[in-house]
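Have a look at the structure below, then the notes.
Note on naming: letters A, B, ... go to the chains in the order of the sequence lines (proteins, then strands), and numbering restarts at 1 for each one.
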Amino acid sequence: MKTVELLESGKISLYDGLEKIILTSSLSDLAYVEGRKTAHDLGFDVWKKLKPSDERLKQKLGLKNLYTNSQAFPDFMFKSRVNNGQLVGGEILELKDAQGGNIASFNSTIPTEYKTLKEIERLNGQKGKTVIKIAELLDENSKNAEWRIYKRKCFYMIRTHKKHQDKIRVSIVDGAFFETIPERELIPSMFQNIFDRHAGEYEIPDNIREDARQVFRYLTDHILISFSQDITNASIKPRLRIMAEATKEGNPHWREYGIPEKTFNLIIKADGEAKIVEDIIKKREMRIQKHKIKHRNDGEFLVFSYRVR
DNA sequence: CCTATAGGATTCTTACTGTT
DNA sequence: AACAGTAAGAATCCTATAGG
């Protein structure tokens, strides 16, 4: 909502860096900022409230420089709130910026509807601790017992045709839009596909084929897959990375979904939460259009769409 | 303390295919 | 034949951290 107001007043534009758009509208609500250096260069100080000059801050975090980009997941995390004794909020936001019409590849981190901090710590490997430590300092609720393990909603801020004045679109998209089957099934299916490709080159008996299928059921963990592999006598260590591209159905900016150009959109599942958003828009009398998307693989989504002048 | 490295990250280009 | 959209491929950079 804040972002729409800022767009309306001209303080930010759809062509600005995605980081700048988020920092301008939400800096004080953030519990984690991945690009501390980028933010600093733009004139935002992530540590403002915590005395950035304080040497103890660096020590606590084990960082030499407080203004670095960690290059870890996610790009942003919002602060959590307590509602009726329950932790809520704390949303994850990942940015994807692209020159063309498709969404920039997901690299290493497969998009999902929810993630816990514990999962984020693990998937970041060596860098996981830093992400948690920063969030602990910036989020007042970090002492809460649920803080690391409650499910946080993931959103993806995507921009397509970022340099085309007439084609540009920016959307904040519910992770559910991309996660139409769980990672647990996705990765085994991927190995199954690879295996099937080999069937053209080798005669593979049916029992082997079935055994392979059973084996692939256990290959589910992208983190374990992505380590570089020590191979006896090999002088190189191969690394398998899972990169992912959204299919056309998985791209909310697909033409057939009909989202207009030059818009800033919020795209969420059509459920109870959507009603809350609708009420806010009505109350504030904002210039926002509502559309529906029938996702080819995943039910109905609502699009709250603001068109820039 | 210092250095090397593992493991984190994104975007552009090209080839191909179907359409006008 | 030009064009547009899609799938596949290729190219590097950065930093926390472990280990010497």
Check your understanding: At under 4.0 Å between heavy atoms, what does A/Ile223 touch on the DNA or RNA strands: base, sugar-phosphate, or nothing?
Key ->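 The residue A/Ile223 makes no contact with any strand.
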Practice item. Taking atom CD of A/Glu278 as the centre, report whether more than 12 heavy atoms of other residues, nucleotides or ligands fall under 6.0 Å from it. Key: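 Above 12, so yes.
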Review point. Are more than 12 heavy atoms from other residues, nucleotides or ligands located less than 6.0 Å from atom CD of A/Glu210?
Key: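 Yes, enclosed.
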Rounded distance (Å) that lies between atom [atom2] of [N] and atom [atom1] of [X]:
X: A/Arg239; N: C/dC13; atom1: CZ; atom2: P; result: 15 Å
X: A/Leu240; N: B/dA6; atom1: CG; atom2: C1'; result: 16 Å
X: A/Glu249; N: C/dG5; atom1: CD; atom2: P; result: 16 Å
X: A/Trp254; N: C/dA4; atom1: CH2; atom2: C1'; result: 16 Å
X: A/Ile103; N: B/dT10; atom1: CD1; atom2: P; result: 14 Å
X: A/Ile132; N: B/dG8; atom1: CD1; atom2: P; result: 14 Å

Looking at [X] and [Y], does any basic side-chain N land under 4.0 Å from a carboxylate oxygen?
X: A/Glu113; Y: A/Lys153; answer: yes
X: A/Glu136; Y: A/Arg148; answer: yes
X: A/Lys269; Y: A/Asp174; answer: no

Tabulate protein N/O versus nucleotide N/O from nucleotides 14-18 of chain C, keeping only pairs under 3.5 Å, one per line.
residue, atom, partner, partner atom, Å
C/dA16, OP1, A/Thr68, OG1, 3.1
C/dA16, O3', A/Gln126, O, 3.3
C/dA16, O3', A/Thr130, OG1, 3.4
C/dT17, OP1, A/Gln126, O, 2.7

Check your understanding: Per the side-chain contact (heavy atoms from CB on, under 4.5 Å) rule, which among A/Leu302, A/Ile281, A/Val303 passes with A/Lys290?
Key ->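 Of the listed residues A/Leu302, A/Ile281, A/Val303, the side-chain contact (heavy atoms from CB on, under 4.5 Å) partner of A/Lys290 is A/Leu302.
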Practice item. Would you check, one step at a time, whether the test side-chain hydrogen bond (donor to acceptor under 3.5 Å, both in side chains) holds for A/Glu8 with A/Tyr306? Key: CA-CA 9 Å; A/Glu8 181 100 15; A/Tyr306 168 81; 3.0 Å; yes
Check your understanding: Can you say whether the rings of A/Tyr257 and A/Phe177 are parallel (under 30°), tilted (30 to 60°) or perpendicular (over 60°)?
Key ->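 The rings of A/Tyr257 and A/Phe177 stand perpendicular, inter-plane angle above 60°.
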Review point. What string of B, S and - do you get for nucleotides 11-20 of chain B, 5' to 3', if B is base contact, S is sugar-phosphate-only contact and - is no contact with any protein heavy atom under 4.0 Å?
Key: BS--------
Check your understanding: OP1, OP2 of C/dT6 versus side-chain N and O of A/Lys248: anything below 4.0 Å?
Key ->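 So the side-chain polar atoms of A/Lys248 never come under 4.0 Å of the phosphate oxygens OP1 or OP2 of C/dT6.
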